[in-house]
J.: 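Dropping the structure in here first, questions after.
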Amino acid sequence: MTKNSDYIQIINEATTSLKDKIDWDSITQKPKIALVLGSGLGKFADDLKDKKIVSFEDITHFPPSGVPGHAGRWVYGLTENNIPVLVAQGRYHFYEGHDLKIITLPIRVMKELGIEHVVLTNAAGTANPDFHAGDFMLIDDHINFIGHSPLNGVADERLGPMFVDQSDLYIKKNNDALYALCQEKHADIPVCRGVYCCSMGPQYESAAEVKMFGQLGADALGMSTVPEAIVARQAGIKVNGITCLTNYGTGLSDQPLNHEEVSEMGKKRAPQFMILVNEMVKLLS
Ligand code: HPA
């Protein structure tokens, strides 16, 4: 996948395939809002009404999802407030060996489908000693620590500008509104705000790295979301993000980390996560 014309063809073929498999033409309420659900956070998609589902691997150019806890499928449906949404229940990661163009292909396809706003969600460790495992963090900004850009080699005006502004990437007024609403209406849900840092993974950070990232300004540490946010901005899709802080970063507790416990915490926090996501979607609609 070297030439941009090839990439545009890939996007078009993937979009056509998804439309075909999900019977897009039969959907009367087309979604303007999409979500990407991270590790252990898939229940939001399971609970949608009038669902249409298709596995990633059944879509042309979409590899199967290789991460336990990620269903790896597209779900169209209506939220509890009858808002139509398109959900990527799972995602691709750099640590799986995928090219950043594949990792962000779902966002490119969303653009083709007319999506105007994407809510990116993830599980992450906290690097901020004031935050707690089980808290939710509204993403206010990010640090791209992957060492690569998803825009690298994607210079084609059909995809968006080459030099992409990153200001107010995670739209602050939506975070302000959701945060205020939670304080007023859902005081039992622990919500904080901060900076999400994405590194390559798949190893968790060492204690020294957690300390370093904290000093660099990171509050949450993960392995996703940032490439998707950058591409969404290039494509002109608005972005917000919600992190479930599933664990303390290494060194902030004496617990060793493993993926099962991270996913378990995501699942345990699912009921409150659903409330937050539903409030965010309502706010955006
Ligand atoms: N570090 C990186 N990624 C993660 C973590 C973490 O502590 N928890 C969940 N995803």
Side-chain angles (χ1 to χ4, degrees), residues 35-44 65-72 88-98 100 103-104 119-148 150 170 190-230 241-270 272-274 276-277:
L35 298 103
V36 179
L37 301 179
S39 293
L41 303 174
K43 192 170 183 307
F44 176 81
S65 169
V67 185
H70 283 240
Q89 194 179 17
R91 54 156 61 91
Y92 302 114
H93 303 83
F94 200 64
Y95 62 74
E96 294 173 81
H98 296 302
L100 282 169
I103 292 166
T104 54
V119 181
L120 303 170
T121 73
N122 57 53
T126 173
N128 183 334
D130 294 335
F131 295 174
H132 301 286
D135 289 358
F136 296 98
M137 189 186 89
L138 309 185
I139 304 178
D140 275 333
D141 205 346
H142 74 219
I143 296 173
N144 179 9
F145 213 84
I146 304 186
H148 294 266
Y170 302 84
V191 182
C192 55
R193 297 174 62 160
V195 174
Y196 175 90
C197 174
C198 170
S199 50
M200 217 190 264
Q203 75 284 358
Y204 294 110
E205 299 75 18
S206 68
E209 287 165 346
V210 171
K211 201 165 157 197
M212 175 193 75
F213 284 129
Q215 284 171 356
L216 290 178
D219 298 295
L221 305 176
M223 307 172 193
S224 70
T225 302
V226 167
E228 295 153 0
I230 294 170
I242 303 176
T243 291
C244 177
L245 294 168
T246 48
N247 56 278
Y248 293 97
T250 311
L252 294 183
S253 93
D254 49 16
Q255 289 294 311
L257 297 180
N258 68 63
H259 180 69
E260 289 68 39
E261 281 173 25
V262 165
S263 292
E264 272 314 304
M265 178 60 106
K267 283 188 199 136
K268 208 168 111 192
R269 306 300 286 128
Q272 292 196 326
F273 176 75
M274 306 265 294
L276 268 186
V277 173

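Start at 1 and go down the list; that is how both ligands and their atoms are numbered. These numbers come from the heavy atoms of this one structure, side chains and all, not from hydrogens, waters or symmetry mates.
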J.: Write 'none' if nothing qualifies; otherwise put on separate lines each N/O atom of ligand 1 with a protein N/O atom under 3.5 Å away and their distance to 0.1 Å.
T.:
residue  : atom   : partner : partner atom : Å
ligand 1 : 1 (N)  : E205    : OE1          : 2.8
ligand 1 : 1 (N)  : E205    : OE2          : 3.3
ligand 1 : 1 (N)  : L221    : O            : 3.3
ligand 1 : 3 (N)  : L221    : O            : 3.3
ligand 1 : 7 (O)  : N247    : ND2          : 2.9
ligand 1 : 8 (N)  : G125    : N            : 3.3
ligand 1 : 8 (N)  : N247    : OD1          : 2.7
ligand 1 : 10 (N) : A123    : O            : 3.4

J.: Determine yes or no for a side-chain-to-main-chain donor-acceptor pair under 3.5 angstrom, with T243 supplying the side chain and A123 the backbone.
T.: no
J.: Hey, mind stepping through F213 and F145 against ring-ring contact (aromatic ring centres under 6.0 Å, His included) and telling me if it holds?
T.: CA-CA 10 Å; F213 284 129; F145 213 84; 4.8 Å; yes
J.: With sequence neighbours excluded, what pairs up with H148 under the ring pair (Phe, Tyr, Trp, His ring centres under 6.0 Å) test?
T.: F94
J.: Does anything in residues 133-148 form a salt bridge (Lys or Arg N to Asp or Glu O under 4.0 Å)? List the pairs, not counting sequence neighbours.
T.: D140-R193
J.: Go through the structure and list residues passing salt bridge (charged side-chain N to carboxylate O under 4.0 Å, His left out) with K211, not counting sequence neighbours.
T.: none
J.: In Å and rounded to the nearest 0.5 Å, what is the CG to CG distance from N128 to L245?
T.: 9.0 Å
